[in-house]
Each structure stands twice: as C-alpha cells, then as structure tokens.
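Please read the structure below before turning to the comments.
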Amino acid sequence: MTLLSVRDLCVTLETPEGPAPILEDVGFDLAAGGSLGLVGESGCGKSMTALAVMGLLPERAVATGEIVFEGCNLLALPEGALCKLRGRRLAMVFQEPMTALNPVKTIGAQVAEGLRWHLGLGRGEAEARAVKLLDRVGVPRPRFAPGLYPHQLSGGQRQRVVIAMALACDPALLIADEPTTALDVTSQAAILDLLAEVAAEAGLALLLITHDLAVVWQNTRSMIVMYAGRVVERGGTHEVFARMAHPYSRGLFAASPGALDAVLPPGRRLAAIPGLVPDPLHRPAGCVFAGRCPRAAADCLPAQPAERRLAPGHAVACLHPHLEATPA
Amino acid sequence: MNSTAPLLQVEHLTLDYRLPRRRLFAPPPHHRALDDVSLTLARGESLAVVGESGSGKSTLARTVLALERPQAGRVVLLGRDVFALPADELRKLRRHAQMVFQDPYGSLDPRRKVGWIVAEPLDALEQGVESAERRARIAETLQSVGLQSGDADKFPHEFSGGQRQRIAIARALITRPALIVADEAVSALDVSVQAQVLNLLMDLRERLGLSYLFISHDLAVVRQVADRVMVLRDGRVVEEGEVEGLFRAPQHPYTRALLAAVPRIGVPRRRVTAAP
C-alpha cells in the first residue's frame with residue numbers, strides 16, 4: 001500500500017535575482033513499511049524534498065504538485081492540520097542532533113513533549129513513556145537519567161534521543177536527513193542499526209537522505225538519485241547499483257573513495273566529476289548534467305530528457321545511459 | 001639541512017588540557033589529549049592520522065605546528081626542536097610547515113580579497129618580498145591549485161566550497177613549505193569535489209615533493225592518499241603501519257572495529273559490536 005506519493009513536485013524560491021527553481025518535477029512513491037534512499041550531492045534538492053513533505057519549507061518558497069500522504073494532499077492542508085500530523089504521523093530526524101534538541105530542556109521532557117501535545121497524556125504518564133522510549137533507543141536509566149540535558153550526552157547519544165522523540169507518537173513515516181553525517185564512524189553504524197531495527201519493529205516507512213552511497217546500499221530497498229533538483233535515476237537499490245545507468249550516478253560511484261577496495265597505484269587518480277552543480281538561476285534548458293557529462297551529445301542540449309524505463313522498477317532520465325553493468 | 005634526516009620527528013609527545021576546577025581550592029583536573037605519541041615523517045611521505053572525535057588527532061596536528069605547547073616530548077622539524085627555538089627563529093621555521101583546515105567557509109576572511117588571503121603567510125613570514133614578485137607568487141600559486149590568476153581580485157563568497165578549499169591550499173603553498181598538515185581538509189566537501197581536491201593534493205605532492213600529515217576520520221579517504229596510517233585512540237597510538245597492510249590485516253581490535261564500521265557498497269550490513 002502506498003503511504004506517500006509525491007507527484008510533479010516543484011519548489012521555487014524567491015531570490016533577489018528572481019525566482020530560483022529548487023525542485024523540478026520530483027516524484028516518487030513510498031510504500032508503508034518500505035525504505036527509500038535519496039542520494040545526491042549538496043544543493044541537489046534532497047533536503048528540500050524532505051522539508052516539502054514535512055511542510056517546513058522556508059516562507060519564500062512556493063511548492064506546486066502533490067504530496068499525498070495517507071490519502072490527503074499535504075500541500076493543500078492548512079498549517080493547523082499539518083501541525084497535527086507533524087510529529088504524530090510524520091516524524092523527522094535531522095543531521096545535527098545538537099541543534100535539533102533544545103539545550104535548556106531535559107531529554108525526558110523533550111521526548112515527552114510530543115506525547116503530551118499529540119496524544120494528550122498527562123505529565124506522569126508521558127514521562128513514564130519517555131523513559132521507556134529512551135530505554136528502547138539505547139539511552140537507558142539509570143545510566144542516563146531523563147533529567148539529563150543534551151550537553152551532557154555525546155553526539156551519538158543525542159542522536160538516539162532525537163530518534164526517541166521521532167518515534168514517540170508512533171508515526172507512519174520517518175524522514176532521516178543525513179542522520180549520521182555528524183557522527184563518528186562507529187556511532188554512525190550503531191545509529192543506522194537502530195534506525196533499521198525500530199523501523200522494522202514499528203512497521204515504519206523510512207525515507208533516508210544521504211550523500212553516502214554505501215549507506216544507501218546497506219539500508220534501503222529502493223532509491224532515487226537526484227541532481228540539480230531533478231530525479232535522474234530511480235529503482236530498486238540493488239538494481240540501480242548493478243546498472244548505474246545515469247552518467248551522474250556512475251560518476252558519483254566512481255568518485256567515492258570507498259568504492260575502491262584497494263590503494264590507488266602511484267600516479268593514478270580518483271575519478272572526479274569535472275565542474276560544478278549548475279546554479280538554480282542558470283540551469284541549462286537541456287539536460288542539467290550535460291555540462292559535466294562525459295557522454296553528452298548534441299541531442300542532450302535542446303530539452304530535458306524524459307524518464308525512460310530500463311527494466312521493471314528501474315528508470316533513468318538520460319538519452320545516452322550506460323547499458324552495461326557497473327564495473328566491479 | 002641534512003637531506004637524509006626525516007622531515008618531521010615527533011618524540012614522546014604528551015599534552016594535558018586543564019579542565020575547569022571542580023572545587024574552589026582543589027587542583028584543576030586534567031584531560032590527557034596526547035599520551036606518549038611518537039612519529040617520523042620522511043620527505044615526500046604522506047602519513048595519515050585517523051581516529052574518532054576526541055582521539056587527539058587535531059591536538060597532534062596543532063602541536064606539530066607549535067600552536068599548542070606539550071607538557072613533555074619534542075617536535076623536531078627540519079632538524080630543529082620547535083619548542084626550544086627562540087620566537088623569531090620559530091617564526092622563520094613556520095614557512096616550512098603550513099596547515100589546511102576543514103571548513104573552507106570559516107577559514108577564509110570574508111572581507112578580504114583572495115589575493116590578500118593567499119599572500120598573508122608570505123607577508124607574515126617572509127620579509128622584503130617586492131610587490132612585483134609578490135604578485136607573481138600569488139598568480140603562480142593560484143594557478144598551481146587550478147584557479148586563475150584573475151581570481152586574486154575576487155572575494156571568497158564568489159567561490160564554491162571546493163574552490164574555497166583550493167584557495168586554502170594555495171594559502172598554505174605560497175611560502176613553498178615542505179610539510180602540509182591537512183586537518184580534515186576534504187571532510188566538508190561533496191564526493192565529486194572531494195575527489196577533485198584529493199587529486200590536486202596528490203598532484204602537488206608529486207610535483208613539489210610535499211609531505212603530508214593527513215588528519216582524518218574517513219578511512220576510505222585515507223586509503224587513497226596516505227603511505228602510512230597511524231590510529232589514535234584517547235591520545236594513544238594503538239596501531240601504525242603501511243596503508244595497504246593495515247587495511248588488509250589490522251592487528252589491534254580497535255582498528256578492526258573502526259574498519260568494520262565503515263559502510264561498504266556490496267557488503268551487507270553486519271550488526272556492530274562496540275569497540276573494546
């Protein structure tokens with residue numbers, strides 16, 4: 001059953017130099033209990049997509065299209081109705097746990113806040129539930145009293161508290177925006193394990209935003225690759241990795257130092273993608289990646305390539321996709 | 001200068017940070033950031049220091065550049081003990097060792113033009129450089145990192161993150177140092193741009209014979225740029241070795257735990273066991 005369905009989502013930001021298209025025709029589906037990875041580099045629109053779903057876009061932004069969640073279009077809902085969904089059915093884990101937590105409130109009170117607000121629990125009951133949630137995410141009493149403040153915890157522990165807050169009201173969709181980027185590699189692995197576990201336990205759908213291809217490979221069933229505000233490739237995670245049909249996906253894969261399982265021989269270099277992501281105000285009329293693409297041809301320049309299906313559940317927006325398998 | 005002697009030798013470095021007093025008359029407690037750390041770096045060699053936050057890797061970088069004073073131990077750069085030198089001699093020595101920081105947004109003065117930023121170490125460390133030569137050095141250094149000489153008249157905000165990191169590298173190169181200490185120099189960059197900057201660092205090393213002390217938490221990056229790796233934990237060296245050997249057959253359980261935690265494409269996730 002489709003839980004979240006995004007169709008033709010366009011987000012435009014008003015800037016002094018004119019309207020800047022941030023997202024263009026973004027669309028995807030996420031089934032209840034499913035997991036979807038969103039990859040791409042900074043500025044490609046991953047976080048804006050998440051904020052659009054949460055109804056947290058900046059005020060200068062205008063969104064068109066449809067974001068259908070549990071049968072209702074979130075873009076058409078008034079703020080009051082969104083407030084009742086946010087933190088209740090839709091929850092989000094942000095990148096930086098220190099700024100996501102209130103420094104002057106105890107962790108117990110912050111986890112209990114959603115329970116009191118959304119579920120109308122009394123103070124005692126909410127706090128008892130908060131203790132259980134903190135216990136579940138690995139911040140248990142008595143070592144971590146709910147009376148602790150965020151500054152008394154490490155980065156990984158804070159991220160666990162943020163996850164407890166997100167889980168508190170039993171949401172259907174959890175959006176995790178670079179949840180482990182600010183953490184050490186060992187805490188990163190533990191947090192990803194925790195997210196996978198709690199998602200499976202509660203039947204949550206997980207929208208995982210990351211720049212790290214390996215994290216997507218290990219944690220999601222389907223994925224989309226975004227570039228300059230557009231979806232350039234989508235499909236089952238393993239199918240996309242096996243093919244890497246879009247030259248951008250392949251470039252990203254080749255440039256990841258972790259993709260190589262050996263030391264570079266002397267004199268050899270990493271496969272960098274030349275150039276930069278185009279500025280939203282000066283995006284080309286044709287394929288947005290053409291300026292950096294090794295396979296670009298004359299037919300890439302006049303118009304945006306339409307998405308085409310390569311295999312069931314695997315599509316790419318490119319006129320000259322790679323059809324051979326990804327080199328090992 | 002003896003060319004066979006190591007470029008940098010660090011011997012038994014121990015550094016304590018003083019913590020706030022717990023009670024008024026009690027002596028303040030200490031945190032041992034570095035505990036008996038030794039290392040040797042030959043000319044043209046690249047040594048990576050890896051570890052988690054709080055392992056002391058940045059403190060080590062700062063101490064090597066004499067930005068922190070250790071309680072015990074020596075740092076010998078180009079045959080000279082940096083903590084035994086008089087201030088003016090140390091200043092002269094500084095042009096041989098430069099630093100590149102992590103954040104290309106925070107490390108460049110937004111109100112200065114790129115030319116001024118890049119030339120600042122030159123102005124501070126080498127007296128009597130004529131203005132024509134100074135201009136030529138700025139242009140030459142900017143070109144060596146893949147920027148244009150005309151970029152000297154722009155401001156940092158006109159550049160992307162990757163280009164800013166190139167500016168930071170140019171600033172480190174202008175005094176023609178032998179050693180570059182790069183503290184998480186590519187951590188803030190996107191993957192494709194990160195590869196560009198890593199390639200630049202490798203090119204510069206081949207062309208100029210630079211040595212790198214490469215501080216990083218990212219083991220995948222380290223594998224591509226370093227000859228040797230040193231693993232720090234709680235201020236102590238737990239393992240050191242050639243990069244390929246250390247990745248293929250890590251000896252210390254902590255190194256193994258670190259390597260196992262790195263997510264890899266094509267390898268299903270295993271449940272993490274906490275590092276011992």
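By convention in this document, chain letters (A, B, ...) are assigned in the order of the sequence lines, proteins followed by strands, and residues within each chain are numbered from 1. As the structure is a computational prediction, the values presented were derived from the model and not from experiment.
In terms of heavy atoms, A:Ala272 sits closest to B:Asn199 at CB-ND2, 4.0 Å. Closest heavy-atom contact between B:Pro263 and A:Ala214: O-CB, 3.2 Å.
Without hydrogens or angle criteria, B:Gln196 side chain to A:Ile273 main chain gives a donor-acceptor distance under 3.5 Å. In this structure a side-chain-to-backbone donor-acceptor pair under 3.5 Å is present from A:Glu41 to B:Ser192. At least one donor-acceptor pair closer than 3.5 Å links the side chain of B:Asp190 to the backbone N or O of A:Ser42.
Within the 4.5 angstrom heavy-atom criterion, atoms from both the backbone and the side chain of B:Ser53 approach chain A. With a threshold of 4.5 angstrom between heavy atoms, B:Asp218 does not approach chain A through any atom at all.
Remark: B:Arg264 CZ to A:Ser256 OG distance equals 13.5 Å, nearest 0.5 Å.
Shown here is B:Arg236, whose CZ atom has no more than 12 heavy atoms of other residues, nucleotides or ligands within 6.0 Å. The environment of CZ in B:Arg207 is crowded: more than 12 heavy-atom neighbours from other residues, nucleotides or ligands sit within 6.0 Å.
Ranked by heavy-atom pairs shorter than 4.5 Å toward chain B, the options A:Asn219, A:Val277, A:Leu213, A:Leu192 are led by A:Asn219.
The closest side-chain heavy-atom distance from A:Leu270 to B:Gln194 is not below 4.5 Å.
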